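Chain letters run A, B, ... following the sequence lines, proteins first, then strands; residues in each count from 1. If you're wondering where the values come from, they're calculated on a predicted model, not measured in any experiment. Any value given below was found using the heavy atoms of this structure, including those in side chains, with hydrogens, waters and symmetry copies removed.
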2 protein chains.
Amino acid sequence: MADVFRALADETRRALLDVLLRRDEQTLFELCTRLAMDHGLTPSRQAVSQHLDVLESAGLVHTERRGRYKLHTIDTSPLAQITERWPPTSRKATP
Amino acid sequence: MADVFRALADETRRALLDVLLRRDEQTLFELCTRLAMDHGLTPSRQAVSQHLDVLESAGLVHTERRGRYKLHTIDTSPLAQITERWPPTSRKATP
DNA sequence: ACCTTAGGCAAGTGAATGCTTGCCTGTCAA
DNA sequence: TTGACAGGCAAGCATTCACTTGCCTAAGGT
């Protein structure tokens with residue numbers, strides 16, 4: 001579970017999740033392009049690849065080889081554990 | 001919002017949230033003790049104090065001075081933004 | 001066959017960060 | 001007033017981590 005938090009700690013990786021939420025099954029180069037277009041982030045291809053490895057280790061992204069393409073798919077289910085671990089506090093006011 | 005993820009990235013800080021979830025309004029020394037007892041973590045008082053600062057900056061912990069004591073209270077509301085940003089994926093199977 | 005394209009591997013670098021150390025401030029009780 | 005207790009401040013150290021650089025593998029098209 002620590003891997004999930006470590007993965008979410010980086011802004012580029014959070015942006016990658018945003019990009020993948022719009023459309024699944026994107027390749028590394030597609031993700032690089034959309035990071036730049038939609039989020040103004042321009043890390044190198046290798047940097048993005050390493051980020052995707054971290055996300056995959058955390059179970060937040062699944063991959064599938066198809067020919068020479070590697071398609072990335074988001075999986076938000078590990079995030080549910082967060083609000084399960086620290087449920088919404090019933091407090092007098094958080095208005 | 002980046003502060004929230006940064007705060008959650010550390011295991012000691014996550015353990016602090018666990019401790020605070022069991023009981024609110026604890027002092028720095030109480031938190032140190034419970035970290036050791038319940039989680040096997042024995043960082044120094046100063047280390048815990050710095051962690052609490054990070055948690056407070058993220059809005060996950062609120063504090064109140066009472067005499068020479070500083071009481072810490074958990075606030076889980078920032079965590080709701082996580083599942084709002086990446087909602088549960090309606091996928092073929094996450095069973 | 002050849003070249004392009006999509007991706008991977010690994011070492012090295014610089015910055016962020018968790019933690020320690022030492023000292024200081026303020027509050028309460030005897 | 002003095003001493004003990006709860007906490008704060010700031011510099012220094014060591015590790016982690018994001019990113020680059022350079023080279024390599026493999027699949028697809030012409």
Side-chain angles (χ1 to χ4, degrees), chain A residues 1-20 23-37 39-58 60-74, chain B residues 1-20 23-37 39-58 60-74:
Chain A
M1 187 168 179
D3 292 332
V4 176
F5 294 107
R6 211 182 72 77
L8 292 175
D10 184 83
E11 194 198 335
T12 304
R13 286 194 287 267
R14 295 195 294 270
L16 277 170
L17 292 182
D18 289 334
V19 170
L20 281 172
R23 180 149 62 85
D24 267 344
E25 305 210 327
Q26 299 192 56
T27 68
L28 175 57
F29 280 85
E30 286 174 324
L31 293 170
C32 285
T33 304
R34 297 196 183 275
L35 268 188
M37 305 286 281
H39 296 265
L41 299 173
T42 56
S44 69
R45 173 184 63 86
Q46 289 84 346
V48 176
S49 177
Q50 289 168 1
H51 282 308
L52 289 170
D53 286 343
V54 175
L55 288 170
E56 190 174 6
S57 301
L60 290 166
V61 163
H62 297 187
T63 61
E64 178 194 352
R65 265 281 180 186
R66 198 173 299 172
R68 62 170 159 174
Y69 300 106
K70 186 180 185 182
L71 303 179
H72 300 78
T73 303
I74 193 176
Chain B
M1 185 169 181
D3 292 332
V4 176
F5 293 108
R6 209 181 73 76
L8 293 174
D10 185 82
E11 193 198 335
T12 303
R13 286 193 288 266
R14 295 194 295 270
L16 277 171
L17 292 181
D18 289 335
V19 171
L20 282 171
R23 179 151 62 87
D24 267 345
E25 304 207 328
Q26 298 192 57
T27 68
L28 175 57
F29 279 85
E30 286 174 323
L31 292 170
C32 286
T33 304
R34 298 197 182 273
L35 267 189
M37 305 286 280
H39 296 267
L41 299 172
T42 56
S44 68
R45 174 184 62 86
Q46 289 85 348
V48 176
S49 177
Q50 288 167 2
H51 282 307
L52 288 170
D53 287 342
V54 174
L55 287 169
E56 189 173 7
S57 302
L60 290 166
V61 163
H62 298 186
T63 62
E64 179 195 351
R65 264 281 179 188
R66 199 172 300 171
R68 62 172 158 174
Y69 301 105
K70 187 179 184 182
L71 304 179
H72 300 78
T73 303
I74 193 175

Could you tell me which non-hydrogen atom of [X] sits nearest to which non-hydrogen atom of [Y], and how far apart they are?
X        : Y        : answer
Leu41(B) : Ala15(B) : CD1-CB, 3.7 Å
Leu17(B) : Ile74(B) : O-CD1, 3.5 Å
Ala58(A) : Val4(A)  : O-CG2, 3.6 Å

Using a 4.0 Å cut-off on heavy atoms, which residues in [range] reach DNA chain C? List them by number, or say none.
range                     : answer
residues 5-12 of chain A  : none
residues 26-37 of chain A : Thr27(A), Leu28(A), Phe29(A)
residues 13-20 of chain A : none

Contact boundaries of DNA chain C with chain A (under 4.0 Å, heavy atoms), 5' to 3'? dT5(C) to dC9(C)

For residues 61-72 of chain A, which residues have at least one heavy atom under 4.0 Å from DNA chain D? Gly67(A), Arg68(A)

Please give me every residue in residues 45-54 of chain A whose heavy atoms get under 4.0 Å of an atom in DNA chain D, ordered by residue number. Gln46(A), Ala47(A), Gln50(A), His51(A)

Could you measure the distance from the [atom1] atom of [X] to the [atom2] atom of [Y]? Nearest 0.5 Å is fine.
X        : Y        : atom1 : atom2 : value
Glu25(B) : His62(B) : CD    : NE2   : 13.0 Å
Met1(A)  : Glu11(B) : CE    : CD    : 11.5 Å
Leu8(A)  : Arg13(A) : CG    : CZ    : 8.5 Å
Arg45(B) : Gln50(B) : CZ    : CD    : 10.5 Å

Residues which pass side chain to side chain donor-acceptor pair (under 3.5 Å) with [X], listed by chain and number, not counting sequence neighbours:
X        : answer
Asp53(B) : none
Arg66(A) : Glu64(A)
His72(B) : none
Thr63(B) : Glu56(B)

Side chains of residues 27-36 of chain A: which donor-acceptor pairs under 3.5 Å do they make with residues two or more places apart or in other chains?
unit_1: Thr27(A); atom_1: OG1; unit_2: Glu30(A); atom_2: N; d: 3.3
unit_1: Glu30(A); atom_1: OE1; unit_2: Thr27(A); atom_2: N; d: 2.7
unit_1: Thr33(A); atom_1: OG1; unit_2: Phe29(A); atom_2: O; d: 2.9
unit_1: Arg34(A); atom_1: NE; unit_2: Gln26(A); atom_2: OE1; d: 3.1

Quantify the bending of the helix from dA1(C)-dT30(D) to dA30(C)-dT1(D) as the angle between its end axes, each fitted on five pairs, to 10°.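 It comes to 20° between the two terminal axes.
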
Between dC19(D) and Ser44(A), is there an OP1 or OP2 to side-chain N/O distance shorter than 4.0 Å? no

Of Asp3(B), Leu16(B), Asp10(B), Leu20(B), the residue whose pairing with Leu55(B) passes side chain to side chain contact (heavy atoms under 4.5 Å, CB included):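 For Leu55(B), the side chain to side chain contact (heavy atoms under 4.5 Å, CB included) check succeeds only for Leu16(B).
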
